[in-house]
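The figures here come from the full heavy-atom set of this structure, side chains too, leaving out hydrogens, waters and symmetry mates.
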Amino acid sequence: MSATRAEICVVACAEAWRGDGEILAAAMGTCSILGARLARLTFEPGLLTTDGGPLLTAEPVPFGAPAGPVEGWMPFRDHLWLVQNGRRHVMMGASQIDRHGNTNISAVGEWARPTSQLLGVRGAPGNTICNPTSYWIPRQSTRVFVPKVDVVSGVGYDRAAELGAHASRFHGLRRVVTDLGVFDFGTPDGSMRLVSVHPGVEVEQVVAATGFELVIDGDVPETRRPSDEELRLIREVLDPKALRDREVRA
């Protein structure tokens, strides 16, 4: 079966949790939530998933559906314990991200008089210092992939190194998934590297949508396509209303 761009992105998000085992998957955004639940249904059965609230679900639930059978209740204080002890892999969003993985969800423009007021830093500093962190960005552009973020909400590799070993001992940026490709920070100085491009996307498109120099190691492979079983789970079980296609247009 052929896959849409959104379904490619769901599988790319799922891959971010491969090998995590029994930790909490915290996801933000339609495709990343579907990715976490798909990972649990396929190659990461030990992953802990929620209903989007305090309930740990016995099985991954369809997007927007009630929790159904639950394995446990996780009040906010327990959630914070997981954050502080590195027992969660979060996939956040970002209004801006730079080459070292510093992200901004707070404000765009000068700090004293921003042109756009956003969410505030929220939990991004603690997430990035204490937890494995990935990012899901539905629309990559030079407005998002910037040379320098206006406000540092999530901590990147350069700033984590400046904070020293104690502050950065749990810091780790795993993946960045966008509507164009997949990126990591597997370089000596923690700079962003292009890992794969989605089917139908050229490397030149990714470079043109990036406001800084990407690390590109030779020929860039294509992001893996969903298997027929993964497509069935996405379409029939997890997202029968195709909400994923509203987030990433074909």
Side-chain angles (χ1 to χ4, degrees), residues 13-14 16-17 20-37 39-40 47-57 63 67 72-98 100-109 111 114 116-139 144-146 148-178 183-185 190 192 247:
C13 288
W17 281 283
D20 275 350
E22 193 175 352
I23 67 170
L24 179 66
M28 303 167 196
T30 300
C31 287
S32 59
I33 292 171
L34 291 172
R37 294 175 183 178
R40 183 177 176 184
L47 204 62
L48 303 179
T49 54
T50 74
D51 65 338
L55 298 178
L56 294 170
T57 58
F63 197 82
W73 176 61
M74 186 173 56
F76 198 60
R77 63 179 179 273
D78 291 341
H79 197 123
L80 288 178
W81 185 92
L82 293 176
V83 173
Q84 292 172 347
N85 290 274
R87 299 301 302 161
R88 185 181 74 150
H89 180 175
V90 59
M91 181 172 277
M92 299 192 295
S95 299
Q96 293 179 327
I97 186 168
D98 67 20
H100 289 290
N102 298 291
T103 55
N104 175 20
I105 57 171
S106 183
V108 175
W111 173 256
S116 297
Q117 180 65 56
L118 306 175
L119 295 174
V121 298
R122 305 295 290 262
N127 287 342
T128 49
I129 287 295
C130 297
N131 288 195
T133 302
S134 295
Y135 289 97
W136 160 237
I137 298 172
R139 292 177 181 83
V144 181
F145 278 50
V146 296
K148 182 180 180 181
V149 298
D150 293 330
V151 179
V152 176
S153 303
V155 178
Y157 275 103
D158 55 345
R159 288 179 175 269
E162 291 174 4
L163 290 171
H166 179 74
S168 63
R169 66 191 187 281
F170 297 129
H171 179 270
L173 305 181
R174 297 281 182 81
R175 287 290 170 104
V176 178
V177 180
T178 78
F183 310 81
D184 70 8
F185 298 89
M192 192 184 295
E247 189 170 57

* Within a reach of under 6.0 Å around CD of Q117, are more than 12 heavy atoms found that belong to other residues, nucleotides or ligands? -> yes
* **Smallest separation among heavy atoms of I137 and F145, with atom names** => CD1-CE1, 3.8 Å
* Where do L56 and W73 land on the side-chain contact (heavy atoms from CB on, under 4.5 Å) test, with the steps shown first? -> CA-CA 6 Å; L56 294 170; W73 176 61; over 6 Å; no
* Asked: Is the backbone of G154 close enough, under 3.5 Å, to the side chain of T103 for a donor and an acceptor to pair up by distance?
  -> yes
* Asked: To the nearest 0.5 Å, how far apart are CD1 in I33 and SG in C13?
  -> 10.5 Å
* Between D98 and M192, what is the shortest heavy-atom contact and its length? -> O-CE, 3.7 Å
* To do: Check for a donor-acceptor pair, side chain of R139 on one end and backbone N or O of T178 on the other, with a separation under 3.5 Å.
  => no
* Compare every heavy atom of V90 with every heavy atom of N127, then report the nearest pair and how far apart it is. => CB-CG1, 4.0 Å
* Nearest non-hydrogen partners of W17 and A27, listed with the distance -> CH2-CB, 4.0 Å
* Taking the six-membered ring for Trp, is the centroid-to-centroid distance between F185 and H100 below 6.0 Å? -> no
* Structure fact -> Taken to the nearest 0.5 Å, the spacing of L118 CG from D150 CG works out to 9.5 Å
* To do: Please check if the side chain of H171 supplies one atom and the backbone of N131 the other of a donor-acceptor pair under 3.5 Å.
  => no
* Structure fact -> Smallest heavy-atom separation, T133 atom then M92 atom, equals CG2-CE, 3.8 Å
* Asked: What distance separates W136 CH2 from T30 OG1, expressed to the nearest 0.5 Å?
  -> 9.0 Å
* Distance, nearest 0.5 Å, that separates CG of L48 from CG of D20 -> 10.5 Å
* **Set of side chain to side chain contact (heavy atoms under 4.5 Å, CB included) partners for A67, sequence neighbours left out** => D51, L55, T57, V70
* Any sub-3.5 Å donor-acceptor pair from E247's side-chain atoms to C31's backbone N or O? -> yes
* Asked: What's the shortest heavy-atom distance between N102 and V152, and which atoms?
  -> OD1-CG1, 4.1 Å
* Asked: Counting distance only, does the side-chain N/O of S153 pair as donor-acceptor with the main-chain N or O of N104 below 3.5 Å?
  -> no
* Asked: Is a side-chain donor-acceptor pair under 3.5 Å present for R40 with T49?
  -> yes
* Residue pair Q96 / V146, side-chain heavy-atom distance below 4.5 Å -> yes
* To do: Would you please name every residue forming a side chain to side chain contact (heavy atoms under 4.5 Å, CB included) with S134, sequence neighbours left out?
  => A16, H89, M91, R174, R175
* To the nearest 0.5 Å, how far apart are CG in D184 and CG in L173? -> 10.5 Å
* Asked: Run the side-chain contact (heavy atoms from CB on, under 4.5 Å) check on R88 and I23 step by step: do they pass?
  -> CA-CA 5 Å; R88 185 181 74 150; I23 67 170; 6.0 Å; no
